[in-house]
2 protein chains.
Amino acid sequence: MTSSTPTPDTTDAARRLALLWDPPQPSTRGRKARLTLDDVVEAGTVVVQDAGLDGLSMRKVAAHLGVGAMTLYTYVPGRTELIDLMVDRAFAELDLPGADLPWRTALTRYAREHRDLYLRRPWILQTNMWRLPLAPHVLDAEEAGLRVLAGTGLGPARVVELIGLVDTYVRGIARATVAERAEGSSSGLSNDDYFDTMSGFWTTWFDPERYPTMTRIWEAGGFDAGHASFDATLDRLLDGIELAVDRAAA
Amino acid sequence: MTSSTPTPDTTDAARRLALLWDPPQPSTRGRKARLTLDDVVEAGTVVVQDAGLDGLSMRKVAAHLGVGAMTLYTYVPGRTELIDLMVDRAFAELDLPGADLPWRTALTRYAREHRDLYLRRPWILQTNMWRLPLAPHVLDAEEAGLRVLAGTGLGPARVVELIGLVDTYVRGIARATVAERAEGSSSGLSNDDYFDTMSGFWTTWFDPERYPTMTRIWEAGGFDAGHASFDATLDRLLDGIELAVDRAAA
DNA sequence: CCCGCCTCTCGTACGTTGTACCGAAATGAT
DNA sequence: ATCATTTCGGTACAACGTACGAGAGGCGGG
């Protein structure tokens, strides 16, 4: 809000945030826009769903909208910001637990909703950012998680730490599940080829003497469970949190 | 294993694994090689350290070695495989706990070593793969973790599940720490600019009424701790595991 | 009504990327 | 000396993000 320039020369970072928090309504002046910002974000979401984040190119998004590539830059400063917007839009889909639920139920729902989101839109896990964008709906999710834990009487630092633990767990599981699901289906390998390659690996290079524990666990079927155990492990995690809650209450 | 071709036309995936598990020794025939595979992998590691994974280009690696770009393809099938090799090399740096330590000590060391590795080589966290490559030293690490937990008498499925939980926690913390560390230092923003942008965000767009819990926790200093609490949270996680161990022993 | 300004549209172009292709150069085996 | 084999690397292509600027369309003030 500098007084010298009517439009403060905002930095790139500020521009990026402005788009997320204060999307401009179409101005009445000048030529009419064929698209809305939301159109662009939606097209991006469509493209990314079956091309992956690497396959998300401005040209493809533009083609999907039937416009020239450069047209997108009227609505969005660049690819990075488009992805931010897409993430925000995705997080808006979360059905976050209200304040009425007991904390354990609420946290379970919080975790499941996040996992489902990641499984539905795995590209979110591919965004290379170190943290999620500072976007409204992302903060909504964080707020909901914090609120649940803050209601247990835990100290502020503990609350932050524990919601981080849950987030981290959920992302980890989602990542593993996606890996399992997409194994071989990508890279253009048929399932047979993939199986051949893998069994070839086990017989050719895998040395049971170097990896005895892995071998034993494999033979015992320890790797079979997959990650159907999401809820079970989550419960154990919540047990740990409950312990901290009880300790704080005493 | 078709009989028509003496060298079975291995798939790409098999080639990728072959390079990791059976690096070819330089053949005595033909022109002498100026480089070794290890030279290339090391150069890649150097480049990635200060250019990030996005900045890791074949041309830069080649330039760093003083050779033409295409020369690298004599040693490595492509960029993807080079990254695989770099990851394997990085994991070889881990000082994994031996079988002599009590499980809690061993698991603490396991976790700390991994965290240190990720902080030292953050680009590993940027590799977009859904899971780490099936590489010897990566499996060494996994084996070590599994061995520690298998020694506690837990069932195979539990062992797999819990080591996954630890891995996931470590990666999550490392990611957050890197984010914190690199905040603003990248993107060419000076620290002042970054601070300005951020305080601008809080005053301009952040709405305390929309995010009351976040606001309260912020005011209480709940976010200040950063992630110095790695050990503390890890201890709590190990408490949870100890509970499972005791329950299994009973 | 019309002029001028403002906004959107997008063809062209530049730099960068991974890597396919192929000839040239170098070396051990014969 | 000849040949097979291997490394080396220039050239080239497709795809990428996006800077630039000319054109097209539509509103406000005269």
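Just so we're on the same page: letters track the sequence lines, and every chain starts at 1. These values consider heavy atoms only, across backbone and side chains, with no hydrogens, waters or symmetry-generated copies.
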Visitor: Using a heavy-atom cut-off of under 4.0 Å over every strand shown, decide if B:Leu56 touches base, sugar-phosphate, or nothing.
Guide: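 Sugar-phosphate: the residue B:Leu56, judged by heavy atoms under 4.0 Å, touches backbone atoms but no base.
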Visitor: Between atom CE in A:Met58 and atom C1' in C:dG11, what is the gap in whole Å?
Guide: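 Going from A:Met58 (CE) to C:dG11 (C1'), I get 16 Å.
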Visitor: Measure CZ/A:Arg79 against P/C:dT17 and give the value in whole Å, please.
Guide: 16 Å
Visitor: Under 4.0 Å, counting only non-hydrogen atoms across every strand here, what does B:Thr71 touch: a base, just sugar-phosphate, or nothing?
Guide: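 The residue B:Thr71 makes base contact.
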Visitor: What integer distance in Å separates A:Leu35:CG from C:dC8:P?
Guide: 11 Å
Visitor: Determine the contact category for A:Arg59: base if any of its heavy atoms lies under 4.0 Å from a base atom, sugar-phosphate if only primed atoms, P, OP1 or OP2 are that close, otherwise nothing.
Guide: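 The answer is base, as A:Arg59 lies within the cut-off (heavy atoms under 4.0 Å) of a base atom.
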Visitor: To the nearest 0.5 Å, what is the distance between CG (A:Leu19) and CG (A:Asp84)?
Guide: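 With rounding to 0.5 Å, CG (A:Leu19) is 9.0 Å from CG (A:Asp84).
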Visitor: Provide, to the nearest angstrom, the distance between the CD atom belonging to A:Gln25 and the C1' atom belonging to C:dT7.
Guide: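 That distance rounds to 14 Å.
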Visitor: What's the spacing between A:Met86 CE and A:Arg89 CZ if we round to 0.5 Å?
Guide: 9.5 Å
Visitor: Could you check how far OH of B:Tyr73 sits from P of C:dT19, rounded to whole Å?
Guide: 4 Å
Visitor: So B:Thr28, base contact, sugar-phosphate only, or nothing? Heavy-atom distance under 4.0 Å.
Guide: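 Sugar-phosphate contact only - B:Thr28 comes under 4.0 Å of backbone atoms but never of a base.
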Visitor: Could you check whether A:Thr74 gets within reach of a base, just the sugar-phosphate, or nothing at all, counting any heavy atom under 4.0 Å?
Guide: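 Base, at least one base atom sits under 4.0 Å.
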Visitor: Is it true that A:Arg15 and A:Glu81 have a side-chain N and a carboxylate O under 4.0 angstrom from each other?
Guide: no
Visitor: Measure from CD on A:Glu81 to C1' on D:dG17 and round the result to the nearest Å.
Guide: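 Distance check: A:Glu81 CD to D:dG17 C1' gives 12 Å.
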Visitor: Select from B:Gly55 and A:Gly30 the residue whose nearest nucleotide in DNA chain C is closer to the 5' end of that strand.
Guide: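 By nearest-heavy-atom nucleotide position, the 5'-most residue is A:Gly30.
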Visitor: Rounded to the Å, how far apart are A:Met70 CE and C:dC14 P?
Guide: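 So the two atoms are 15 Å apart, to the nearest Å.
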Visitor: So A:Leu82, base contact, sugar-phosphate only, or nothing? Heavy-atom distance under 4.0 Å.
Guide: nothing
Visitor: Are A:Arg34 and A:Asp39 close enough for a salt bridge, meaning some N to O gap below 4.0 Å?
Guide: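 Looking at A:Asp39 together with A:Arg34, the answer is no, because their closest N to O distance does not fall below 4.0 Å.
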Visitor: Do the side chain of B:Arg31 and the base of D:dT7 come within less than 3.5 angstrom through a donor-acceptor pair of N or O atoms?
Guide: yes
Visitor: With heavy-atom distances below 4.5 Å as the criterion, would you say the side chains of A:Leu139 and A:Trp21 are in contact?
Guide: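 When only atoms from C-beta onward are counted, A:Trp21 and A:Leu139 do touch, with a gap below 4.5 Å.
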Visitor: Start at the 5' end of DNA chain D and walk down; is the nucleotide closest to A:Lys32 or to A:Gly78 reached first?
Guide: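 Result: A:Gly78.
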Visitor: How long is the line joining CZ of A:Arg34 and C1' of D:dG25, in whole Å?
Guide: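 A:Arg34 atom CZ is separated from D:dG25 atom C1' by 12 Å.
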